[in-house]
Each structure stands twice: as C-alpha cells, then as structure tokens.
Protein chains: 2
Amino acid sequence: MGILRAVRFKDQAFQLREDAILNAATSTLAAKGFDLMTMDDVALAVGISKPSLYKHFKSKDDLVGEAMIRLIDGALVYLEQIPAELSPVERLRDLLAWALRVRLGGGLPLMPSTSAQVRTMLTSNLRYIRRVLKLNGVLEKIVQDAKARGELRPELPDTVILFSYYARTCDPTVDYLRMYAKMGDEEIVEHLLGVFFRGVCPST
Amino acid sequence: MGILRAVRFKDQAFQLREDAILNAATSTLAAKGFDLMTMDDVALAVGISKPSLYKHFKSKDDLVGEAMIRLIDGALVYLEQIPAELSPVERLRDLLAWALRVRLGGGLPLMPSTSAQVRTMLTSNLRYIRRVLKLNGVLEKIVQDAKARGELRPELPDTVILFSYYARTCDPTVDYLRMYAKMGDEEIVEHLLGVFFRGVCPST
DNA sequence: GTCTATAGCTGGATAGAC
DNA sequence: GTCTATCCAGCTATAGAC
C-alpha cells in the first residue's frame, strides 16, 4: 500500500507535468503556429529539457495532436453544460462565442486552418479524428434541429453550415480586428457572431 | 540598334522565365504552403536549377512576396474592369467570386491567413504593403458607398466588414466543402457568397 | 547565366552518463 | 527519469567551374 501510494504520487506528478507541457504547447502553438514552434520552445516554457519532453510524447506531431484532442474535449464538455433551455441556434452561438474567447485568450483555434502539413498530420491521428467526428455528430444534430425549427436557412446544405461554422473558429478576422482595429475582445466576438448568423447585408 | 534588340530579346526571355518561376511558386504555394515549399520544388517545376532561381529572386521571402504582389495586382486589375453599372455591393460580390475561383483553380488566397512567419515576412515587404493598402483604399470606398445606399448593415463598422471580407478569400470552408462534401466549384462559390452576405439565419 | 557541389544552419530526435 | 552533448536530415543560400 505504501508502494501503491508512492506510485500514485509519481503518476500524479507525471500527469501534472504532462498538463504543463500541453499548456505550454498550446499557448506556443497559438502564438507562433506549428512550424515556428520548436520542441526547445516548449521545453524552455515548461522548464524541463528537450529529451524529457520525449518521455511524455514520442514526437512533435504526437504532442500537437494531444493538445488538439484536449481542445476538442473541452468543446464537448462545454457543449454538455450549456443550459437546456437554449434553442439549437442559441447553442451554436454560445459554443462559437466560447471558442472565440478561448482563442482571444491565447488558446488554439478549434479547427486548424493552417498548413497542409498540419492537416495531414492530424488526419492521420486516429484518436483526434474520433473526437472530431464525435463533435461533428453532436453539432450536425443541433444544426438539423435548428433547421427543423426554421432557425437556419433551409436552402443551405448542412455541410455548408457546419463547415462555415468550423471555419469561424479559425477566422483571421479575429486577429485583424485586434491588431489593426484595436477592438475589444467582447466586441470582436459579438461582431463575428453577427456577421456569421445574419450576414453583412440588411435583412430586407 | 542591333544590340538594343538583342538586349530586348534577352530581357524578354528573362521576363518570361521570371513569369514561369512566379507561376510555379504560386501553384506550389497554394498546394503545399509556405514552409513545405522548397526552392528545389520551384526550380524543378520550372525546369531550371536552384542557383538560377537566385538570379531572379534574392531569397525565398522575396520570391513569395513577388507572387503575392502579382496576385494583389490581379485583384486591382479585375476591379477596374468590373462593369460600372454594378452597385457597390454587387462589385464586392463579383470580386470575391473572382478571388474564390482563382483559389479553386489552384491559385493563392488573396490574404494569407497562414502562419505568423508568413505574415511577419510580408508585413516587412514594403512593396507588398503598398499594394495591400491601395487595394484596401479602393475597397473601403466601395464599402462606404454600399453603406450609404443601405446595401450593408449600417451598425457594422467598416473594419468589421472589410476584414471579414478579406478573411473570406482564405476561408478553409472552401477546402472542406471540396474535400468532404464533394461539391462543385461554382456551388461552393455561391454558398460562400450567400453565407457572407446574408448569413446562415433566415432574414425574418 | 547556367550548372555541380557544398557550406552553414536549424530543429527533430537520441545516446549515454548520472 | 532527468540532464548534456550530439547526431542527422533537410533546407536556404552561395562558391566556383564552364
């Protein structure tokens, strides 16, 4: 039992460090992007040496994959906790607002628009794909409910709505507005939601 | 005069090769992105050797910068040629449709959402910045005209409209729809325009 | 101006001591 | 499990022959 507890402690410390690594990777990724993020960057941010990283993650791709998986899991958790009173489209709006706030707070975009290499790397990560498909399933259901209630334009295919929705989580408009328009975070979120749901033209 | 003509011929050949290099760089960039595109790729595609590339462009950054400049110039030329009868918002729609078709045809996104390094590289390219500012000036004017006519929602700041507009030219929705929804190019363009101008919700 | 060959560097990944 | 030191691949960029 003493041994068991020691093992537990060790595992706990190991787990804590792993979280610290993932946090560092996430913020570095958000700041510099995949290619400019080096394993040295992450090791330095965590305060350990590069080879120690490789005790936790067998490659850079693996590390980034885990960070993305954790993010998707965060979205799934957030979705479950949204008040049931909200209508489908209100739920979509709420989740997107959450994702944009995460990003504005230095987190990752939910979907990596980035480079072809990142996409290739992620699409060969089966665990990541499983999570994405799960999230996609949940969102597809919400979109269909919203359509059935007339909350979404019926002539738009579900795929168009869903993919446009995902793309908003990595929309560079966020960065442009912050950098060049000096706009506050909440204002940015509101405008992005407004443009996505209502468009830029007046609803005559 | 014989000499002059010889020089002219040489210049012409030089110019032709330069165009070929820019074409190769453009399509390689569109296909693989900045970091995965190597100078060897471009040299191979053009059919010359790598050092010859450096006779035309002094660095990879320079080459990519010129490709982007040529793209912006293309947009400016296209804008000038749009029929004057079109209303401001119809002009915005027409130009965006053009940009999306260029991209679907294997060209570059007008604005590089890509990585931080690309943005850093381009923002330190004065000639590129000048072109972008020029294009931005023209588009800002069109947006203001459209607003004055009530063709755009008046409560949206110009910056929100403009930056959202730019972001649509590098919207990954395009790629998602092509890859996963097997949608035709024209249909993709129509849907993207529809979502941008009218939103996903019905205009009650 | 074109090539072959190579310098020089960066960054992912690992060997081996402790 | 952690570190120091290092390997090695791949890439940009250039030297130098023709």
Side-chain angles (χ1 to χ4, degrees), chain A residues 3 5-22 24-25 28-29 31-68 114-118 120-122 124-125, chain B residues 3 6-22 24-25 28-29 31-67 114-118 120-122 124-125:
Chain A
I3 289 178
R5 187 191 278 165
V7 170
R8 266 258 262 334
F9 269 136
K10 195 166 131 191
D11 282 356
Q12 216 171 9
F14 197 82
Q15 188 61 42
L16 280 180
R17 173 134 47 196
E18 198 148 303
D19 274 359
I21 295 174
L22 284 172
T28 311
L29 265 179
K32 312 177 67 168
F34 180 78
D35 350 279
L36 285 190
M37 177 194 100
T38 72
M39 294 302 261
D40 291 283
D41 286 337
V42 179
L44 187 69
V46 181
I48 62 176
S49 73
K50 187 160 57 167
S52 299
L53 277 189
Y54 284 88
K55 298 291 178 184
H56 291 264
F57 302 95
K58 71 173 194 299
S59 70
K60 183 181 179 181
D61 286 6
D62 185 36
L63 170 58
V64 172
E66 291 304 316
M68 293 302 302
T114 56
S115 50
Q117 64 184 324
V118 178
T120 307
M121 182 263 285
L122 285 175
S124 66
N125 183 331
Chain B
I3 288 178
V7 170
R8 261 265 259 335
F9 270 136
K10 193 165 128 192
D11 283 355
Q12 215 169 9
F14 198 81
Q15 188 61 42
L16 279 180
R17 173 136 45 198
E18 198 148 302
D19 273 359
I21 295 173
L22 284 173
T28 311
L29 264 180
K32 311 176 70 169
F34 180 78
D35 351 278
L36 285 190
M37 177 193 101
T38 72
M39 295 301 262
D40 290 283
D41 286 338
V42 179
L44 186 70
V46 181
I48 62 176
S49 74
K50 187 160 53 169
S52 298
L53 277 190
Y54 284 88
K55 297 291 178 186
H56 291 264
F57 303 95
K58 72 173 194 298
S59 68
K60 183 181 179 180
D61 286 5
D62 185 36
L63 170 58
V64 172
E66 290 304 316
T114 57
S115 50
Q117 64 182 323
V118 178
T120 308
M121 183 263 287
L122 286 175
S124 65
N125 184 330

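Labels below follow one simple rule: chain letters A, B, ... track the order of the sequence lines, proteins then strands, and each chain is numbered from 1. Everything numeric in this text was worked out from a predicted model, so none of it was measured.
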(message) Rounded to whole Å, how long is the line connecting atom NZ of A:K32 with atom P of C:dT10?
(response) 13 Å

(message) So does B:T38 get a backbone contact from the side chain of B:K32, meaning a donor-acceptor N/O pair under 3.5 Å?
(response) no

(message) What's the closest nucleotide to the side chain of B:P51 if the choices are D:dG1, C:dA5, D:dC3?
(response) C:dA5

(message) Can you tell me which nucleotide in C:dC3, C:dT2, C:dG12 comes closest to the side chain of B:I48?
(response) C:dC3

(message) What's B:S49 touching, base or sugar-phosphate or nothing? Going by heavy atoms closer than 4.0 Å.
(response) base

(request) Take the protein atom NE2 of A:H56 and the nucleotide atom P of C:dA13, then report the distance between them rounded to whole Å. (result) 16 Å

(message) Measure CZ/A:F34 against P/C:dG11 and give the value in whole Å, please.
(response) 13 Å

(request) Could you work out which one of D:dC3, D:dA15, C:dT2 sits closest to the side chain of A:S52? (result) D:dC3

(message) Given A:H56, which partner from the list A:L63, A:L22, A:I21 fulfils the side chain to side chain contact (heavy atoms under 4.5 Å, CB included) test?
(response) A:I21

(request) Quickly work out the B:K60 NZ to D:dA13 P distance and round it to whole Å. (result) 8 Å

(message) Do B:K60 and B:M37 make a side-chain contact, defined as non-hydrogen atoms from C-beta onward lying under 4.5 Å apart?
(response) yes

(request) Search all heavy atoms of A:A20 against all heavy atoms of A:V46 and return the closest pair with its distance. (result) O-CG2, 3.9 Å

(request) Specify the separation, in whole Å, of atom CD1 of B:I21 and atom P of C:dT2. (result) 9 Å

(request) Could you check which of D:dA5, D:dG1, D:dT12 has an atom nearest any side-chain atom of A:F14? (result) D:dG1

(message) Closest-nucleotide mapping onto DNA chain D: is B:K55 or B:D35 further toward the 5' terminus? I mean the 5' end.
(response) B:D35

(message) Over all strands shown, is B:K50 touching base, sugar-phosphate only, or nothing at heavy-atom distances under 4.0 angstrom?
(response) base

(message) Output the rounded distance in Å from CE (A:M37) to C1' (C:dG11).
(response) 12 Å

(request) Take atom CG of A:D61 and atom C1' of C:dA13, then tell me their distance rounded to the nearest Å. (result) 12 Å

(message) Distance check needed: D:dA13 P versus B:Y54 OH, whole Å only.
(response) 4 Å

(message) Quick one, A:D61 and A:F34 - any side-chain contact, counting heavy atoms below 4.5 Å?
(response) yes

